[in-house]
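Order of the sequence lines sets the chain letters (A, B, ...), proteins ahead of strands, with each chain counted from 1. This structure is a prediction, so every number in the text was calculated from the model and none was measured.
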Amino acid sequence: MISRLESGEEDVHGQDWNSLDQQAQQAYLDERRLAYLSEQVVNWCPKLGTALANEEVIDGKSERGGYPVHRKPLRQWMFRITAFADRLLADLDTVDWPDSTRAMQTEWIGRSEGADLDFELSNGSQLRVFTTRPDTIHGATFMVVAPEHPIVEQVLKDSPDGCDANAVSTYVEQAASRADVERMADQGDKTGVSLGITASNPATGESIPVWVADYVLMGYGHGAIMAVPGHDERDAAFARTYGLSIQTVVASGSEVEECFTGDGTVINSSTPALSLDGLSSQEARTAVTEWAEQQAIGTRKIRYRLRDWLFSRQRYWGEPFPIVHDEHGGIWPISETHLPVELPPLADFAPEESDDPQPLLAKAKDWINTTAGEAGVDPTLLDPTTPVTRESNTMPGWAGSCWYYLRYCSPDFDSGLVDPQAEKYWLADGVDLYIGGAEHAVLHLLYARFWHKMLYDLGFVSSTEPFRKLFHQGLLTTWAYQRSDGSLVPIDEVEEHENDLYIETATGDEVTRIIAKMSKSLRNVINPETVIEEWGADTLRLYEMYMGPLEASKPWNPRDIVGVFRFLQRFWRLAVDEETGEIRAGDEADDGIERQLHRTIEKVGNDIPKLAFNTAIASLIEFTNLATSTGTLTRDQLDRIVRTIAPLAPHLAEEIWHRLGHQQSVAQAPWPDFDPSMLVDDMIELPVQVKGKVRSKISVAADADEATVQEIAMADERIASLLEGETVRKVIVVPGRIVNIITG
RNA sequence: GCCGAAGUGGCGGAAUUGGCAGACGCGACGGAUUCAAAAUCCGUUUCCCGUUAAGGGAGUGUGGGUUCGAGUCCCACCUUCGGUACCA
């Protein structure tokens, strides 16, 4: 029945199901649940006193705090995110996200196409491997299994002839005790031990040795590989170290390469069992897979690098799982009417630094040990007097960050996740624009997508993706100082002298000023509060937007703040008489200013949706400078420019807006209109190039045709003198842009 | 190593589809105002040659290429930043 279900057949009857015993039913369901308990080798961080998800471990250290992480077996709650791997991958094409982020997620999900192949072993068992290169099967000259592979234990038990059991067990123990950090440090140096058994290469019929080596990971595929040293760098390195045979079975097409990992033409691969010579790698992959399927020794397989998501933590601060356990290992949900489960009060809830994984909530004995009725399990499921223990793990922070944006639609809605009406209104196509740091690329942004898809399947949300458009703001960097040996000096230990000379106060040595990330240790973190105190919130806001493109990392330079502050002051003085506090307004609108105003409204209106705040502000500064030097604005012009600056400097705008006599907030006012005809001048200046160099400028009517422009250009005094004695070969006129005269 | 992003004045940065490189701001220099300073206002400010000027030359990480014309497109390389790390 199970195999029929697996193959997608639908004629499975209830009686078939009922014929299974309860355990088998449970096992079948558990294998498919989105949330399940599983004994896992987890990333245990003793310092934090908790296990971490794969994504939270960076270079063998915890993402938060950078503490060492060890591998420990632990029974944990998992999310079957792998069941969504294909959708998470495919739907990346449907979102408007930065390429770099999509690339990161694509790699994290890591889809690879290949085949599972079974090899017969000399000890009578079978070894299953996954390979993306079935086309190189004739070149498989040895096999490698991970130290944790079950075959290793089996071999140790049987200890066949030719197996140095001591060497094997020593190697396996070493591999197990080594922390991930160490394992990473000596990448490239491959170590391993022969198991003393052989496998039969089904294509060549040859007996090839089986080795154990830690460059093969138990966590991917089957923890075993067929090694093709002729066409895989890692296998090649291993073969060279231990003098194993190397076979070339793919021609690179060019010169002889030691280890060619690309696709080419298959050679040296004709045996009675299977002949591939002359096929392309692509064709050979299909041929070998089909052959293996016929021989019942393999199947086509798509595999993902993505692993299931470890979703429990041993900390106090996290949502408790609404789950209790009975004495027989049964798992029972707490009914909805008893949700949410609240954390028990605890005198001491600091994490305990420990090598012995123990959830913190286990300390709350009275809370942990309860009855089904007390905990809130549906009495029709379980007798209320049944003694149960509460789940003592808690959820990680992601539990909240995965759906908070949904809650924003209807924060007061109390009969569900989100008000369906509000969800349809706000999130019909996901969040319109989501701005956040690139550091969330494979954490928050992948997890939230998974939750959203799950909620979509359950009918709670109407879009398949949570964040339609994603934008990463750049990091703010700042000055830091570096000694000649490369070490860094906190900024408050350095004195600035003239001519960009920087001296470390303690030693008197000269240090160099560099750009670095803001960090507590360098004491170069900027607190926005102090900027607001000194310059005001509008200045801070404007400065941050004016620094450069939103997505770029850029240095915080306090020296530049005064620039936007001056601008705001000038804008204020343009609108308000400093003596009286009254609005300064003229009666007569200057034509040049009016035109510039239309251009500014257009520019700001275009730039804001593009998040190009820096250029929007530049155009506002330009307008203000022009207006200040040319005269005063009319009331009507003030009215429009205040509305234009309002999104960028809301406080200033609001103040002037009210002095202009408006009762409502400027935020409620409509965006000012501009007249497209006001954007172009009647007469424009056009550069004239001779042989690609600008030699003069001419003034022509904006709508002048090419012939007229050419005539005026040729008639220009300077151009005429330059063209004297030259043959004009060609004249290029780009209307409204440029004239280029080619001579010779 | 691989993947991604980016290299433009003293500094942050502008620059439509390939069409005047350096908008705007900071800093610097000069001037006005002031008893003085702050603040404000005006002017200059890519570099080199040219006393000033007129003018000329070079110039967007490096080297080539395409084009009437390249910061922008193509090829090769260098550097910086971010991500990733034996995933078979």
Side-chain angles (χ1 to χ4, degrees), chain A residues 58-60 98-104 106-108 110-112 114 129-133 136 144 146 183-184 186-190 213-217 219-228 231-235 237-238 303-307 438-439 441-442 472 474-475 477 500 515 517 542-543 546-549 551-564 566-567 569-570 573 578 606 612 614-622 624-625 628-629 685-697 718 729-743:
Chain A
I58 292 165
D59 292 339
D99 289 344
S100 57
T101 308
R102 293 202 317 217
M104 269 188 240
T106 303
E107 273 168 39
W108 194 262
R111 180 184 198 270
S112 51
V129 303
F130 174 68
T131 178
T132 55
R133 296 296 301 272
T136 61
V144 185
R183 246 173 114 151
M184 259 174 250
D186 57 18
Q187 230 183 85
D189 302 342
K190 306 246 177 319
D214 68 359
Y215 82 90
V216 172
L217 310 173
Y220 187 77
H222 304 287
I225 60 159
M226 64 174 209
V228 185
H231 305 283
D232 182 283
E233 298 283 359
R234 299 153 299 182
D235 297 342
F238 191 77
R303 207 166 278 288
Y304 297 92
R305 193 188 91 126
L306 183 72
R307 316 274 170 82
E439 69 274 19
V442 289
H472 296 310
L475 276 181
T477 54
D500 294 325
I515 298 286
K517 270 192 212 173
L542 222 52
Y543 171 62
Y546 189 61
M547 291 169 83
E551 69 274 22
S553 271
K554 25 192 191 275
W556 180 274
N557 187 354
R559 203 172 66 176
D560 291 341
I561 297 176
V562 69
V564 286
R566 282 182 196 148
F567 158 61
Q569 301 261 307
R570 196 174 304 156
R573 285 195 304 269
E578 282 195 293
N606 275 338
N614 53 331
T615 48
I617 293 166
S619 72
L620 282 163
I621 296 176
E622 262 179 287
T624 307
N625 290 348
T628 305
S629 61
E685 201 180 54
L686 226 51
V688 182
Q689 297 182 328
V690 176
K691 286 203 273 190
K693 281 191 188 299
V694 178
R695 296 302 182 185
S696 185
K697 285 177 187 179
R718 214 174 121 56
R729 200 151 51 93
K730 197 175 179 187
V731 179
I732 290 149
V733 177
V734 184
R737 289 252 172 256
I738 206 163
V739 181
N740 193 2
I741 301 165
I742 317 303
T743 61

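Between the P atoms of B/C78 and B/U66, the separation comes to 24 Å (whole Å). Here the separation of B/U51 from B/A39, taken at their P atoms, is 38 Å to the nearest Å. Comparing B/G31 with B/G50, their P atoms sit 25 Å apart, to the nearest whole Å. Rounded to whole Å, the P atom of B/A76 lies 39 Å from the corresponding atom of B/G56. The P atoms of B/C81 and B/A32 are separated by 48 Å, rounded to the nearest whole Å. Taking the P atoms as reference points, B/A28 lies 15 Å from B/C11, given to the whole Å. Between B/C74 and B/U80, the distance separating the two P atoms is 24 Å to the nearest Å. Going from the C1' atom of B/G9 to that of B/G82 covers 27 Å, rounded to whole Å.
A donor-acceptor contact shorter than 3.5 Å is absent between the side chain of A/K190 and the backbone of A/D214. Although no hydrogens or angles enter the test, the distance criterion places a donor-acceptor pair under 3.5 Å between the side chain of A/N740 and the main chain of A/G692. Side-chain N or O atoms of A/S696 include none that pairs as donor or acceptor with a backbone N or O of A/V688 at under 3.5 Å. Checked by atom type and distance alone, the side chain of A/D235 pairs as donor or acceptor with a backbone atom of A/V228 at under 3.5 Å. Side chain of A/K693 to backbone of A/K691: no donor-acceptor contact under 3.5 angstrom is found.
Nucleotide B/C86 holds its C1' atom 9 Å from the CG atom of A/D232, rounded to whole Å. Separating the OH atom of A/Y220 from the P atom of B/A88 is a distance of 4 Å, rounded to the nearest angstrom. Here the P atom of nucleotide B/A6 and the NE2 atom of A/H472 are 13 Å apart, to the nearest Å. Remark: C1' of B/C86 and CD1 of A/I225 are 10 Å apart, rounded to the nearest angstrom. In this structure, CD of A/E622 is placed 11 Å from C1' of B/G25, rounded to the nearest angstrom. The nearest whole Å value for the distance from the CD atom in A/E578 to the P atom in B/C41 is 10 Å. Protein atom CD of A/E233 is 12 Å distant from nucleotide atom C1' of B/C2, rounded to whole Å. Atom pair A/E107:CD and B/C2:P shows a separation of 13 Å (rounding to whole Å applied).
The shortest distance between the side-chain N/O atoms of A/R102 and the OP1/OP2 oxygens of B/G4 is not below 4.0 Å. For B/G59, the OP1/OP2 oxygens have no side-chain nitrogen or oxygen of A/K693 closer than 4.0 Å. Neither OP1 nor OP2 of B/A23 sits under 4.0 Å from any side-chain N or O of A/S619. A/R573 has a side-chain polar atom (N or O) that falls below the 4.0 Å cut-off from OP1 or OP2 of B/C41.
In this structure, the side chains of A/R695 and A/R718 come closer than 4.5 Å at one or more pairs of heavy atoms. Considering only heavy atoms from C-beta on, A/Q689 comes within 4.5 Å of A/I738 through its side chain.
Of the candidate nucleotides B/C20, B/A88, B/A23, B/A88 has the atom nearest to the side chain of A/T131. Residue A/P687 places its side chain closer to B/C20 than to any other of B/G83, B/C20, B/C26. The side chain of A/M104 lies closest to B/G83 when the candidates are B/C24, B/G83, B/G19. Out of B/C20, B/C68, B/C26, the shortest distance to the side chain of A/V562 is found at B/C26. Comparing B/U40, B/G4, B/C20 by their closest approach to the side chain of A/S100 singles out B/G4. When distances run from any side-chain atom of A/W108 to the nucleotides B/G19, B/G27, B/U84, the shortest one goes to B/U84.
Across the interface with RNA chain B, nearest-nucleotide mapping of A/R111 and A/V442 shows A/V442 to be the residue nearer the 5′ end. When each of A/A438 and A/G221 is assigned the nucleotide of RNA chain B bearing its nearest heavy atom, the one mapping closer to the 5' terminus is A/A438.
Take A/E233 and apply the side-chain contact (heavy atoms from CB on, under 4.5 Å) test, not counting sequence neighbours, and it matches A/C259, A/T261. Every residue meeting the ring-ring contact (aromatic ring centres under 6.0 Å, His included) condition with A/Y543, not counting sequence neighbours, appears here in chain and number order: A/W556. For A/T101, the side-chain hydrogen bond (donor to acceptor under 3.5 Å, both in side chains) criterion is met by A/H472, not counting sequence neighbours. Residues that satisfy the side-chain contact (heavy atoms from CB on, under 4.5 Å) test with A/N625, not counting sequence neighbours, are A/R570, A/I621.
Heavy atoms of A/I621 sit under 4.0 angstrom from primed sugar atoms or phosphate atoms, though from no base atom. Residue A/R303 is out of contact with every strand shown, counting any heavy-atom pair closer than 4.0 Å. Heavy atoms of A/R718 sit under 4.0 angstrom from primed sugar atoms or phosphate atoms, though from no base atom. Among the atoms of the strands shown, none is found under 4.0 Å from any heavy atom of A/K691. As judged by a 4.0 angstrom heavy-atom cut-off over every strand, A/N740 is placed among the base-contacting residues. At a threshold of 4.0 angstrom between heavy atoms, the contacts of A/R695 are confined to the sugar-phosphate backbone, with no base atom among them.
Annotated as anti: B/G83, whose O4'-C1'-N torsion sits more than 90° from 0.
Side chain to side chain, A/S112 and A/Y220 meet the donor-acceptor criterion of an N or O pair below 3.5 Å.
In a base pair of the Watson-Crick type (N1 to N3 plus N6-O4 or O6-N4) or a G-U wobble (N1-O2 and O6-N3), with each distance short of 3.5 Å, B/A5 is matched with B/U80. Using N1 to N3 plus N6-O4 or O6-N4 for Watson-Crick, or N1-O2 and O6-N3 for G-U wobble, each under 3.5 Å, B/C29 pairs with B/G43. Nucleotide B/C68: paired with B/G19 (Watson-Crick or G-U wobble, both distances less than 3.5 Å).
Considering every non-hydrogen atom in both A/L620 and A/F567, the closest pair reads O-CE1, 3.7 Å.
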Taking only nitrogen or oxygen atoms into account, show me every contact under 3.5 Å that the protein makes with nucleotides 42-47 of chain B, one pair per line with its distance.
none

Output one letter per nucleotide in nucleotides 11-16 of chain B: B when a protein non-hydrogen atom lies under 4.0 Å from the base, S when only the sugar-phosphate is that close, - when neither is. -BSS-B
